[in-house]
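Both counts, for ligands and for their atoms, begin at 1 and track the order of listing. Quick note: numbers below take in every heavy atom, side chains included, and nothing from hydrogens, waters or symmetry partners.
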Amino acid sequence: MTTQSKRSSAIVRVALPLPLRRTFDYLVDDTMPLPTVGMRVLVPVRQRSLVGVVTAISVEPSVNLSKLRTVIQVIDQIPTIPATLLKILLWASEYYHHPVGEVLHAAMPSALRRSRDLMPELPRVFRLTAAGQEALATVPIRARVQRQLLARCHLEHGLEESALREGIPHVHAPLRRLLARGWISAESAYPLVRAARAPAIDLGTDQQRAVDAMVAESVRFTPFLLHGVTGSGKTEVYLRAAAAVIARHKQVLVLVPEIALTPQFIARIENTVGGRLVVLHSQMSAGERHRAWWAASAGLADVVLGTRLAVLAPFKALGLVIVDEEHDLSYKQQDGFRYHARDVAVKRAQLAQVPVVLGSATPSLESIANVHRGRYQLLSLPERAGGAQMPRVRLLDLSAMPAAEGLSPPVVKALARRLDRGEQSILYVNRRGFAPVVGCSACGWQGRCGRCDAALTLHRRSGVLRCHHCGAVEPALDHCPQCHGGDVYHVGEGTQRIEEAVQRLFPEARVMRFDSDRIKGGEHMAADLQRVRDGAVDILVGTQLLSKGHDFPAVTLVCVLSADRGLYATDFRSSERLFQQLTQVSGRAGRAQRPGEVLIQTLYPTLPTYEYLTRHDFDGFASAALDERKLASCPPYRRFVLLRAESPHLEMPLEFLRQVRQIGERRLREQPHTGVVLLDAVPSPMERRAGRYRAQLLVSGRGRAALHSFLSVWLSDIESLRRARTVRWSVDVDPQEMY
Ligand code: ADP
Ligand code: ZN
Ligand code: ZN
C-alpha cells in the first residue's frame, strides 16, 4: 500500500447484513487507508460492530456530516467483492427487491462475513521426494508409521494432510521426522482437481456446429439455448466449448441443479478439459468454500462448477457461462434472497460480455419464448449421440386394467423381461413413504397433520405417520386412534410400498430405493449412483431425485407409476413441470446401445400432454402451452411478482395483504398506464403450514421497467406500515411456485 497523503475525511457507502433495503454512510478518518469499492469494513451499528462491504465512495462531505459514525477498521487490502461481482450483486438486489446487504452476505463464504483474511489458509499437500524414493527400501520395519506415510505418498502424488493422516494414530512425530529428513515435501496448495486429457470422442455434426457457434462468439454477450434431446451429448458440447475458452486463459462457470451431479461432471471435465477446477455448493465446509472463493477470484481455477449459489462466485476473467438443465426448479432460491440462478447467470454474462449457454432437453417456456423473440440463439441436438435411439414411450390406461400395489400387468411383465436379460429398470414414483392416505373405515378418522392443511403419510418401516410439509411425526398404530377399531386402511403408493411389492414379486432382484428419506446428504447419494452404474442394482425405485441428468447406460426400462398426480396441482406451470419430469425420467432409458422402453400408467391416456410425450414432440407441447399462457396472461407473456404473508393468527396475513393492495391501488391511480395489475389477496393453496396461516397477493405487469418502478415505491410504502412488523412477509420476483 502506498502511504496516504493527508486528506480530509471521506464518506463511504456500506452495505450491511440487515433486512433493510438501503445502504449506510460512514466516515473514514484520515488515519485509515481509504477503502475502495468492494472492500470489507468493520463499522459500528448501534451497540455492535458489523462487517459490511463498501458499495460507493464519495469524498464530498454530505449534509449531516456530524451525525455520521466512523469506520472502525478497513479489513481488506484488495476488494473481497471484485467490481464485476459487485455489479451483478447490485443488479440482483435491485431486480429481486432484496436488501443489498443480505444479497452480498448470501454471496460470501461465512469466513469472509466475519473479518477473516480474504486469502484462505491453504491445506498442506505432501509429496515423496527423490531422496524419499530412495529411502523407501531402507526404512526399518519398526518405524511402522514412517513406512506407512512414505508408502501413501508413493502411491498417490500430492496428498492432502487429512488424507495422509487418515486412520494413523500418533502421526505427528513421524511426519515431522520425514519432513526434517527431506523424504517428503510439504507445500501449501489449493485443492484443485487437475487431470490429463483423454482422447476426445468425435463430435456429431450438430454437436460440432453448437461448439463452433459458442466458441466463435467469445468476447460478446451471446445467449444460446442448447436444446438437445436426452442423451444427445449436451454435456460433451459444454465441455468442448469450455476447453476452448480455457485455452484462451479465461474461466468457465458451470451450473448444475444437483450436488449429486457434480462428481459425474468432475470426472468428465477432467477427461475433456484438463483444467483446474473448484466446486462450489452449499454443503461444503466453511473452509472449503472460502478456498474455492479465493481460487475463483484469483484466477487459480479455470472451472467453477457448482449449484445455484456458484452464480454468485467471483471471477478474475470470466469467459463462458454454462447452465445445465436450465429448466430445473432448484435454480430458484425459495426463501430469503429469492433469486433465479439461471436468470442471474444470463445477466452476469451480459455484464461480462461473454457467451452463456442454457442447456436442456425440456427448456423452460421462458427460454423458448426468448428464442421466439430473437433474444436467444437456438442450437438443436435433435438426435441421441453415438447412434442411440430415443426410447419407445407407451401409455398404460389404468382405468382398463388392474394395478395391484400400483403395478399393472404390462409393467410386471416388462420388469421380468429386464431381469431375465440382466438389464436395469427404473420405477418412478413421485411420493416417498409407504402410503399417502391413512384412515379408518369404521369411524371416518383420517390421518391429518395438526399443524398443516395436509394428510399424513405412513412410513411403515419407521412406524410413523409423517407430515411432508412440516416434518411433524406421530406414531403409526395398528388400531384407529379415534375408535380404537382395527379397520385402518392405507391408500396410494409411495416408494416404500412399491419397493416392498417389487421385492415380493421378484425375490431374487436387487432392489434399491432412491428417495430423500434414504439419501441424506450428497455423498451417500453419489455412492448409490455409483452402485447403479456398477450394475449392482437391478431395479431402482425412486422419486424425481432420479430424473436429473444421470447417465445410467444399462437402464433400458423406465416405468412411471403415477403420472397423473402432477395434473392436480393448482400452479399454471403444472403441465410444463409434468412434461419436463416425464421427459427427463424417460430420458434415463436406453441411453447406450440397447434400446429403451418407457411405460406410463395413467387414467387419462388421451390427454394432449401425454400424446406429445409419446411422440417426443417437445416443440408441439411448447407451442400449445405457450398459446395457453398467452390466453391466460401468464409468464412469459406477463411478469409476475408474488407477495406472501404469514402469521400464527388466522386473519392477520390476509388483512395485511388487503391493506397492502389498497395502498398499491392508490399508487397505481397516481401513475396510470403502467400495465401493472394487482389481483385480490387470497389464502395460499395450503393455507395452514407448520402452524402458520398464509396468504398471497399476485402482481402482474407487462413491461419490466414499469413493474419495477411501481414495486420500489410500493415496497417502501409497505415497509413503513406498522402492520408490516406484525406478520412475516416477503416479495418473490418471477415466482416459480405459486404458493
Ligand atoms: P446429455 O447431456 O445431452 O443428456 P451426454 O452428454 O450425457 O448427453 O451424452 C450421453 C452419452 O452419449 C454419454 O455417455 C456420452 O459419453 C455419449 N456421447 C456424447 N457425445 C458422443 C459422440 N459424439 N459420440 C459418441 N458418444 C457420445
Ligand atoms: Zn376409527
Ligand atoms: Zn405438517
Undergrad: Would Ile201 count as a polar contact of ligand 1, with the cut-off being nitrogen or oxygen pairs under 3.5 Å?
TA: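 Min N/O separation from ligand 1 is not below 3.5 Å for Ile201.
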
Undergrad: Working to the nearest 0.5 Å, report the span between CD of Gln544 and OG of Ser516.
TA: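 Rounded to the nearest 0.5 Å, the CD-OG separation comes to 8.5 Å.
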
Undergrad: Centre-to-centre under 6.0 Å for His227 and His327, is that the case here?
TA: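 No, ring centres 6.0 Å or more apart.
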
Undergrad: Which option wins on minimum heavy-atom distance to atom 3 (O) of ligand 1: Gln584, Glu325, Glu236, Lys234?
TA: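 Ranked by closest heavy atom to atom 3 (O) of ligand 1, first place is Lys234.
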
Undergrad: State, yes or no, whether a side-chain contact exists between Tyr331 and Leu255 at a heavy-atom distance under 4.5 Å.
TA: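 Result yes, sub-4.5 Å side-chain heavy-atom pair found.
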
Undergrad: Between atom CZ of Phe434 and atom OG1 of Thr495, what is the distance when rounded to the nearest 0.5 Å?
TA: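 Separation between the atoms: 10.5 Å.
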
Undergrad: Is any side-chain heavy atom of Glu258 closer than 4.5 Å to a side-chain heavy atom of Glu325?
TA: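 In short, these two side chains do not touch, never coming nearer than 4.5 Å.
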
Undergrad: Between Leu203 and ligand 1, find which residue part has any heavy-atom pair under 4.0 Å and reply side chain, backbone, both or neither.
TA: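 Just the backbone.
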
Undergrad: What protein N/O/S atoms are found closer than 2.8 Å to the Zn ion (ligand 2)?
TA: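 Result, waters dropped: Cys440 SG, Cys443 SG, Cys480 SG, Cys483 SG.
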
Undergrad: Would you sort out whether Glu737 and Arg338 count as a salt bridge (Lys or Arg N to Asp or Glu O under 4.0 Å), showing the intermediate values?
TA: CA-CA 11 Å; Glu737 292 185 305; Arg338 295 174 151 84; over 6 Å; no

Undergrad: Might you point out which heavy atoms bring Arg384 and Ala589 nearest each other, and give the distance in Å?
TA: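 Scanning both residues completely, I find the closest heavy atoms to be NH1-O, 2.9 Å.
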
Undergrad: Which one holds for Asp202 and ligand 1: side chain close, backbone close, both close, or neither close, with close meaning a heavy atom under 4.0 Å?
TA: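 The answer is the backbone of Asp202.
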
Undergrad: What I want to find out is whether Arg209 reaches Asp206 closely enough, with some N-O distance under 4.0 Å, to be called a salt bridge.
TA: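 Answer for the salt bridge query: yes.
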
Undergrad: Tell me which part of Arg384 gets within contact of ligand 1: side chain, backbone, both or neither, using heavy atoms under 4.0 Å.
TA: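 The answer is neither; Arg384 stays 4.0 Å or more away.
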
Undergrad: Does any non-hydrogen side-chain atom of Arg240 lie less than 4.5 Å from one of Met214?
TA: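 They are not in contact (no side-chain heavy atoms under 4.5 Å apart), so the answer is no.
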
Undergrad: Are the side chains of Arg533 and Gln424 in touch, meaning some heavy atoms are under 4.5 Å apart?
TA: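 Heavy-atom side-chain distance check fails, nothing below 4.5 Å.
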
Undergrad: Can you see which heavy atom on Asp453 is nearest to which on Glu687, and at what distance?
TA: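 Shortest heavy-atom contact: OD2-N, 3.4 Å.
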
Undergrad: Under 4.5 Å between any side-chain heavy atoms of Ser367 and Tyr376, yes or no?
TA: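 Yes, their side chains come closer than 4.5 Å.
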
Undergrad: Is a salt bridge present between Arg644 and Asp732, judged by a nitrogen-to-oxygen distance below 4.0 Å?
TA: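 Yes.
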
Undergrad: For the Zn ion (ligand 3), count the protein N, O or S atoms found under 2.8 Å away.
TA: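 Every protein N, O or S atom under 2.8 Å from the Zn ion (ligand 3) counted, the figure is 4.
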
Undergrad: Can you find a non-hydrogen atom of Ser232 under 4.0 Å from ligand 1?
TA: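 Ser232 counts as a contact of ligand 1 under the 4.0 Å cut-off.
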
Undergrad: Looking at Ala385, which atoms of ligand 1 are within less than 4.0 Å of one of its heavy atoms?
TA: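 Every atom of ligand 1 under 4.0 Å from some heavy atom of Ala385: 12 (O), 18 (N), 19 (C), 20 (N), 21 (C), 27 (C).
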
